[in-house]
Amino acid sequence: MTTTTGHAIVVGAGIGGLAAAVGLRRVGWDVTVLERAAELGEVGAGMSQAPNAMRALAELGVADQARAVGVPTGSTGNLRRPHGRYLQRARPGDPLALLGFHRADLHRVLLDAVPADRVRTGVEVTDVRQDDAGVTVVAGGTEHRGDLVVGADGIRSAVRGRLWPDARPPRYLGRTAWLGVVDVAGLPGDLTGSVTLGQGRMFLIHPVARHRAYWALLTTELAPGVRYDDERGAALAHVGGWHEPVPDLVRATPAGAVLRTDIHELPPLTTYVRGRAVLLGDAAHAMSPDRGQGAGHSLEDAVVLAHALATAGTVEAALARYDAERRPRDQATARGARRDGAMTASRAGQAVTTAMIRLMPAALWRKGVEPDGNPTWRWQPPRLPVVPRTS
Ligand SMILES: Cc1cc2nc3c(=O)[nH]c(=O)nc-3n(C[C@H](O)[C@H](O)[C@H](O)COP(=O)(O)OP(=O)(O)OC[C@H]3O[C@@H](n4cnc5c(N)ncnc54)[C@H](O)[C@@H]3O)c2cc1C
């Protein structure tokens with residue numbers, strides 16, 4: 001094994017950037033993370049992570065910590081119609097493949113694995129340059145020198161903007177999401193996790209902690225950028241007559257805590273690498289949320305990048321290998337997520353989807369939602385060698 005070591009500058013301290021920092025440090029790299037936000041922490045509500053992401057977290061050395069703040073969710077097993085009928089229903093004791101998380105909790109697990117002095121907040125990266133000796137990252141009037149820059153700065157990445165001027169901008173996928181996290185103690189209805197499909201609307205529930213649940217309502221019915229004075233009331237108007245606990249979850253969410261986001265994806269890039277700059281996470285492959293894999297794939301990216309740097313001999317060879325391994329998988333998942341989203345969003349697509357799900361034998365359905373039942377979830381990480389850092 002021929003390892004490379006050096007100093008990496010990671011732009012962005014979201015889940016992807018922190019995972020990259022953890023992975024690179026494990027294989028002996030020194031890391032500086034530059035984050036635009038003045039304070040660290042994930043805004044947003046909840047998310048789920050599948051077995052592939054949990055394996056990546058294990059390789060990063062934080063799976064136990066993540067499991068301690070996650071809750072098994074039955075969302076993949078329970079599919080319902082707005083009046084409450086189950087198209088498919090998990091049985092008690094069925095293995096639950098996904099863990100539900102409050103985003104802030106998963107983010108904190110990764111943040112705790114990076115020494116505080118390696119993360120600088122309140123610094124916005126505005127320029128990235130390269131020369132034969134390395135990279136220069138400009139943030140807040142200061143120039144940071146490194147051997148590698150990892151652009152983990154999200155869907156509107158400044159690193160991508162500077163070094164991939166030919167990349168197409170993110171595109172709107174025709175759907176908007178309202179999101180919330182709510183105290184569910186005392187609420188009636190099935191809170192084990194579920195997906196409910198209505199015309200052009202989808203309501204997702206994940207438990208995320210004891211007595212707390214995350215909900216997301218996706219709809220095709222709004223134009224992007226529309227804002228309401230009362231987002232909770234607007235969300236409720238879309239699901240007011242739906243089965244319990246759907247309306248109660250929305251009603252019980254504090255009005256100011258209901259979030260809105262328009263769903264975008266990044267058109268596929270032809271490369272994740274430019275010289276000694278590499279993209280990771282949403283900066284590389286922001287995708288529709290329909291497979292719950294965006295952050296999960298950023299965790300996979302981090303492990304594969306660290307492994308390539310530890311084993312490929314040179315930074316150039318490592319980045320080429322990372323690009324060859326990650327781009328096809330990330331982009332295939334993104335295509336699948338876009339297709340799933342389009343199917344559940346259109347009237348005809350949803351009619352076909354619900355008919356297929358209803359007609360599927362229950363045993364076959366359950367097989368598909370078991371931990372190894374889904375091809376995307378079967379991903380296995382490379383083993384990270386633990387390399388002592390030289391600086
Ligand atoms: C409705 C919805 C539901 C989702 N559900 C799931 C799910 O269940 N499971 C899942 O795995 N994924 C899910 N995702 C996807 C997931 O949210 C993203 O893929 C993930 O958060 C991307 O992480 P990231 O670190 O790459 O980017 P981000 O989280 O966007 O982090 C980027 C960071 O870079 C910083 N930054 C930006 N520009 C600069 C700059 N110029 N200088 C310095 N710092 C900068 C930002 O402040 C931010 O902290 C969902 C997405 C949506 C929209």
Side-chain angles (χ1 to χ4, degrees), residues 9-21 32-50 52-54 56-57 70 73 75-76 98-104 106-107 110-111 119-128 137-140 144 149-162 170 173 175-180 193 195 202 204 206 208 214-219 259-266 279-302 330 333-334 337 341 376-377:
I9 298 171
V10 177
V11 185
I15 287 173
L18 291 177
T32 302
V33 183
L34 303 176
E35 166 58 47
R36 174 174 65 188
E39 277 182 36
L40 283 174
E42 275 272 329
V43 283
M47 56 169 36
S48 64
Q49 292 305 333
N52 56 305
M54 295 311 296
L57 287 166
T73 164
S75 61
T76 51
L98 304 188
L99 284 180
F101 290 95
H102 195 296
R103 275 172 181 266
L106 186 57
H107 186 262
L110 289 161
L111 185 60
V119 183
R120 308 217 182 130
T121 54
V123 277
E124 176 164 9
V125 170
T126 49
D127 197 11
V128 182
V137 177
V138 183
H144 302 260
V149 58
V150 180
D153 48 346
I155 188 167
R156 316 248 166 226
S157 165
V159 176
R160 193 181 67 237
R162 295 303 297 178
L173 289 176
R175 286 191 301 165
T176 272
W178 278 285
L179 315 162
V195 174
M202 181 172 102
L204 170 76
H206 288 304
V208 291
Y214 155 60
W215 60 265
L217 165 59
L218 280 88
T219 173
L259 304 173
R260 262 282 298 289
T261 181
D262 297 325
I263 306 295
H264 291 79
E265 70 167 5
L266 186 68
L279 297 175
L280 175 150
D282 274 14
H285 50 69
M287 61 182 77
S288 178
D290 292 86
R291 294 196 173 182
Q293 283 289 339
H297 275 43
S298 77
L299 299 171
E300 292 186 10
D301 292 344
D330 293 333
T333 302
T376 306
W377 299 348

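Just follow the structure's listing: the first ligand is 1, and inside any ligand the first atom is 1. The first residue of the sequence shown is numbered 1, and numbering continues consecutively from there.
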Relative to the heavy atoms of [X], which atoms of ligand 1 are at a distance of less than 4.0 Å?
| X | answer |
| --- | --- |
| E124 | 41 (N), 42 (N) |
| G154 | 27 (O), 30 (O), 32 (C) |
| I15 | 25 (O) |
| Q49 | 9 (N), 10 (C), 11 (O) |

Heavy atom to [atom], shortest distance: which of [options] holds it?
| atom | options | value |
| --- | --- | --- |
| atom 39 (C) of ligand 1 | D153, L218, D262, T261 | D153 |
| atom 1 (C) of ligand 1 | L217, L179, D301 | L179 |
| atom 9 (N) of ligand 1 | S48, A295, A38 | S48 |
| atom 51 (C) of ligand 1 | E265, R291, R103, H297 | R103 |
| atom 25 (O) of ligand 1 | A37, G296, A13, G16 | G16 |

- Message: If I compare all heavy atoms of A56 with all of E300, which pair ends up nearest, and what's the gap?
- Response: CB-N, 4.0 Å
- Mind telling me whether H297 and H285 have parallel, tilted or perpendicular rings, with 30° and 60° as the class edges? perpendicular
Answer side chain, backbone, both or neither: which part of [X] comes under 4.0 Å from ligand 1, heavy atoms only.
| X | result |
| --- | --- |
| A152 | backbone |
| L34 | backbone |
| M287 | neither |
| V123 | backbone |

- Is the closest basic N to carboxylate O distance between D282 and R160 below 4.0 Å? no
- dist R175:CZ -> L218:CG (nearest 0.5 Å) comes out at 5.0 Å
- Set of residues satisfying salt bridge (charged side-chain N to carboxylate O under 4.0 Å, His left out) with respect to D330, sequence neighbours excluded: R326
- Message: Suppose we screen for side chain to side chain contact (heavy atoms under 4.5 Å, CB included). Which residues come up paired with A19, at least two apart in sequence or across chains?
- Response: L60, L110, L299, A302
- Does M47 reach the side chain of H102, with side-chain heavy atoms less than 4.5 Å apart? no
- Query: Going by heavy atoms in the side chains, are P289 and I263 under 4.5 Å from each other?
  - Reply: yes
